[in-house]
Each structure stands twice: as structure tokens, then as C-alpha cells.
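For clarity, every value in this text was computed on a predicted model and none was experimentally measured. Just so we're on the same page: letters track the sequence lines, and every chain starts at 1.
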2 protein chains.
Amino acid sequence: MDGAKRGAGRATTIVDIARAAGVSKSTVSLVLKESPLVKPATRERIMRAIDQLGYVYNRSAASLRTARSSFVGMVISDLMNPFFTELAVGIEDGLHNMGFVPILANTNEDVGRQTKVLQSLREHGVAGIIMSPARGTDVWSLAETLPRSLPMVLTMRRVDGSTLPYIGPDNRTGSREAVTHLINLGHRSIAFFGGYGTMTTQRERISGYRDALIAAGLPLRDELIFESMPTRAGGAESLAAALASPLKPTAAFCYNDIVAMGATRALGLRGIRVGIDFAVIGFDDIVEAEHNAPPLTTVNADTRIMGTRAARSLLGLIDGADPESMSYTGTTRLVVRESCGGHRRETFKETA
Amino acid sequence: MDGAKRGAGRATTIVDIARAAGVSKSTVSLVLKESPLVKPATRERIMRAIDQLGYVYNRSAASLRTARSSFVGMVISDLMNPFFTELAVGIEDGLHNMGFVPILANTNEDVGRQTKVLQSLREHGVAGIIMSPARGTDVWSLAETLPRSLPMVLTMRRVDGSTLPYIGPDNRTGSREAVTHLINLGHRSIAFFGGYGTMTTQRERISGYRDALIAAGLPLRDELIFESMPTRAGGAESLAAALASPLKPTAAFCYNDIVAMGATRALGLRGIRVGIDFAVIGFDDIVEAEHNAPPLTTVNADTRIMGTRAARSLLGLIDGADPESMSYTGTTRLVVRESCGGHRRETFKETA
DNA sequence: CTGAAAGCGCTTACAG
DNA sequence: CTGAAAGCGCTTACAG
């Protein structure tokens, strides 16, 4: 059902080249790992044989022997979401540079599939796993499918109660700054669009939203929070609900960019001018944000970099570093474009 | 530099569970592959031991022995492009369903990196490779890095002179239909935007463009072809050049959707109404196309399905099917939205 | 500086 | 129906 012969007829191995070079396979192995122990002359002879016979190193055999794997599982919750694509590109790049190769799994937000995938990854002997957990992942199921000994880091989404290292942006601060910007622009009734309270990320972003309101002495009203799927359709839905609301919000801070894009488009369809009649801000700064109509004001989270940071943390874990020290919270930056109305210069901030 | 111990202290193996169940490891191996040879009672005993000891199958060891791998290389030329993301999702899904796992490599259109990646994939013993070749890939470099015996299929982009199976959409027919639609709408000076003649895909799409013009008795003018990078920026650039052209095109058929989106936005920035003053059509029908402002008329190529077809073809190759029969040309469908002006019903077509 | 030997965790004939 | 033996392609002490 699965598989193919390595080469056509018997791939050439270390002993073939040993024979050709007139040495033992131990010596060949030594030159493969560039050991200084072997005399230059023999080294040359062996290298030549390798070229001539077209030898290709069998990393799996080596892994079996050393119990060291160069595979890393990269489990992405929704690869179709441009945000996660950017994350995946960052991870792939980081892993590649460190000599690891990623086995990709797209769980599509399905916890069942995630469980299967995690098991498969173990069977394939990955050295570790980087995962953006599917919605609904809980500590118990994680603990059940994974031994404590398998290095793993979580990205972009936390799992309540988990002590695994987490790599993600400073959601709370980023959100606070975005909402503060809206307040400074004169908005008093500001809605929050998208996501559900079951997502840790949404809760963090709402905390930031509240921080800003409180700091400005504005009331906190749960009726201004319009939950929906974190998609374009969700954004359109939240927008419709908000327009029907008695609180008459004049601006919305969105769970993420695609929600904001959905809202922005729904606004346009109703002839409401984005950035003039209604302000919207997103989160993530995916590449499309800048090409939205109108260009989206959003919180840049340096997603790609975050991906390579996640790769680095996993490597740290694999090398035995203390898990506590492998978490990383990325700095965030408000990128002001047109969807919020006020054309100000970018604001920078540093994280604690 | 790379790697970690499999488990913490000596992972449990087939012999551990053999000992626990009081049988030989051969018997354990038999139950693992669900052989009917072993008596239900012993089977039960063994299963229980597996559960209790928390045994996890070591697929790599099995691969070494059987010379059968469940890894497949998935080499993507530009994962940041939503089009290729959709393709990757389709491939991942197809592979997953067939019991294979994809090793992801994003070459970022870099032929040098592609060569390295291909070599690494060989060392990791993949059963085959699915690749969307980086721009500039030629048969020679391919032949040099890969033995004929390694199953491989090309997707979305051909490599001149290569006889490897190719899975992609019917570019020529899809393009012809799109341009015919423009002609039916009354356009007489129709430009082609984006891509370069060095890309086989662009050449195929231009052939379709020409087919339509010829069929309508319209002149073929090279000055109406505005090449540029296949990106949003490229689209904007082609648009600028077109507007400055003495041929005054009133419509453009674009190399792909992101080129069309770039053109569309550049048009908007100049106050030229898309779909009214100037018509544009894209190619691919990425998910964003429908959310563009205005929604993009484009050629749907069923990218995801194409990805799973590619997976299926590779599997065929691995199972020894005739390469000639493993190519697949996907059917194409014009999706009329607003960017082209004429709001007609969708047109369907079947491929030869 | 190089070789002989054992072993990583499986599978696969081959006996019984 | 089950066990003993050999072997997949490497690496790693251990001698010499």
C-alpha cells in the first residue's frame, strides 16, 4: 500500500564504496562525517569512489543507528489561511537552515485528524514537533497522545493548562495599541469582531481591547463584542450584527485580518465608506492586508519571523534546554493604513 | 547538530513486547501487520502488552528493512503565493489519505536551493517527489540531480524537454475561453499582462489568448503583451505600461489572479472603473479572487483537486504504472464576476 | 590511521 | 500457528 524500492537495482551502499576504495566501511563512514582521523590520501580515494558510484547517503539507516532524527513535525491548523501559510514558510525556512526537514500536516482545525497525525509523526520518529493546535485541543488529549519526552512547542495558539513552550505575538499589547489608536481618532463606541471565547488568542486580544477602553475611561460593554468564525464570512456576519446594534459602533477592532477584510467588504457593499463612515483595524498584517480595498490598518506580528523563532525554540528543546526558557513573545507594531481613517505615521513598540 | 533521542530511556521495541507476551518477535511483527496467521488468543495477549508498554511502531526501522518508504517530497516553488498554497493543501490531503507523509520544501523560486533540497530528499529516502519546479529549472539540472529510478511528477509548470508526468490545468483552452468572453463583450484591443516567456505556463496561456483573437479575426500584436513578474506589483506595472501604449487596450487578460489583482488595484488608484472603463480577467480562481474589489472574473482551475491528482499520479508511478499514462490535464471553467463588466452566467467546458 | 564486530528495530523466508 | 536466523545500511567503541 505504501512505498517503493529505494533505487532501481540495489542502491549503492557504504560497503560498495568501501570495496571500490579498498578500505573498510568504517573508514568510509568516517570520511562521510568528515572525521580528521582519516589520512588525506585515503580520503581522496574514497571521495572519488563516492562520485563514480553515485553513492547517496542513507540518512534513515544512520538515524536508526544513532537514534537521532532530522525530521520535525510541522502541524498547521489551517494552511489555507494566509496567516498560517506565512507561519509555515517561516518554520520551514528556520528548520531548513538548521539541517532539519519538516513533515507537513494540515489538520484543518480537526482535533481528530490532529490526534492521528501526532501518532503518525511519532511512528516516523520525528525529533520534535511544532504545532499550531486545532481549535478545541485540550491538555488531556495532548498528554494522552504524546509522551513527555517528545520535544514540542506550540505556536500562535496556547492550550489552556499546558506548560509547553509557546511562541506567539504579544496579543494583548498589540490589541491595546490598536484600540487606543481608534480612541485617539475620536471613536467612543468601538466593537470587537470575530473569533470565539474558546480560543485563547481571542481572549488575549479582547483583554487588550478592554485595557484600552479602561485606560480611556470608556465603559466595557459585552454587547459590543460580536463573535463569529475567524474568516471573511465571519467578519461580514459580525458587521451585520453590529450595524443592527443599538450601541451604534463607529469602529471595529477585529480578531484578525481576514475578519477585518470580510467586514470591510460588507461595509463597501452597503455603501458605507470604510475609514470615513466606519473605521476598522485588523490583526496579523498578512501580505494581503496592504492590498485590501481600502488598505487595512492592522497589527503587524512578524509572522514569518515568529515561525523561525519557533523552529529555534524547538531546537533548543531538542538540545536539552529548559522548556521554561524556550517561550517567546513577539513584539507587535501598529501599521496605520487607510481602513481606520486617521493617516498617521506608524507607531512602534517594544515588548517587555 | 541534528537530532534527539527517540524516547527518554530506551523506547520500548518489538522484543520488549515479545518478552512481555511470551512469544517471539516474529509473532509480534505478524500481529502488527494484521496477519491472519496468528491465533486470536496470542493476538489478544500481544495487543494487551502493546497497550500496557505504550509501544510505538518504528516505521523507519521497517522502511530500512523493506526498502519501502512512506515519505514523499513535496517541493513547492513559492508557498507564499496563495495559488501554490491551495495546491500544497490538495497534495497534502491526497498523500495523507494514501498513507504517505509529505516532507515539505519551499524553494522560493531558487534553483540552487531546489537542487540542494532534491539531494536532501534523496538522502531521506523518499518514495517519490511531487514538484512545482522553480523558474529556470531545466532538464539537465534535473537529470543530473535525480536518478531515473526516483518517481517524480511535475505540477503546474512543465520543464522543457522533460518526459516526466505533468499534472496541470488546460491553460490554453482556459485562456481561449476567457479572451473569447472579452471579445464577446465588445473588446477589440485586448492586452495580456504578466509572466515571462521563459515560463511554459505563460506561453501556454498566451497561445490560448492568440487562439481567441485569431478565431475572431482580430490582429495579433506583440505590443499588447506586457510582461512582468507574476505578482501584484507586476500587474500594476503591466497596467501602467498598457495605459501608456498607443494601442489603447480596453481590457486585459492576466497571467494569473494576483497579477489581475495588482492591475485591478492600480486601475482603482487612477480612478479608472474596473469592469466599466476597463475589463480584467485573471487565471486560477484563488479564494481571494472572489473577495477582490471588484470580484475577479477568472479561470477556475480547481487547484486543490489538481493537488490530489498529482498525489495520485505519483502513487501510480511508485506502483510501477507507465509514466506516459500518469499525466493529467485538468478541466477549466470561466467564472464570470464583476471585473470584466459583463455579468453573464458561468460557462462550462470539458477537456479533450 | 584503519579494520572487525556488534547492534539500531524491524521483516522475511524457512523450518517445525 | 510460531520461532530462529539473517539482513536492511549505517555508527561506534575497541583493538591494533
Donor-acceptor pair, side chain of E109(B) and main chain of R135(B), under 3.5 angstrom: yes
Structure string for DNA chain C in dot-bracket form, Watson-Crick and G-U at under 3.5 Å, | interchain: |||.||||||||.|||
Between H124(A) and S60(B), a side-chain donor and acceptor under 3.5 Å: no
Sugar-phosphate or base contact per nucleotide [nucleotides 10-16 of chain D; S, B, -; heavy atom under 4.0 Å]: BBB----
Any side-chain heavy-atom pair of M98(B) and R312(B) under 4.5 Å: yes
Donor-acceptor side-chain pairing of S77(A) and S132(A) below 3.5 angstrom: yes
dG3(C) OP1/OP2 closer than 4.0 Å to side-chain N/O of S24(A): yes
Pair F71(A) + F71(B): ring centers closer than 6.0 Å: yes
Contact list for DNA chain D against residues 35-47 of chain A - heavy-atom distance below 4.0 Å: none
Crowding at CZ, R43(B) (>12 non-hydrogen neighbours, <6.0 Å): no
Separation of atom CD in E123(B) from atom P in dG9(D), rounded to whole Å: 15 Å
Heavy-atom donor-acceptor pair, S313(B) side chain to Y166(B) backbone, under 3.5 Å: no
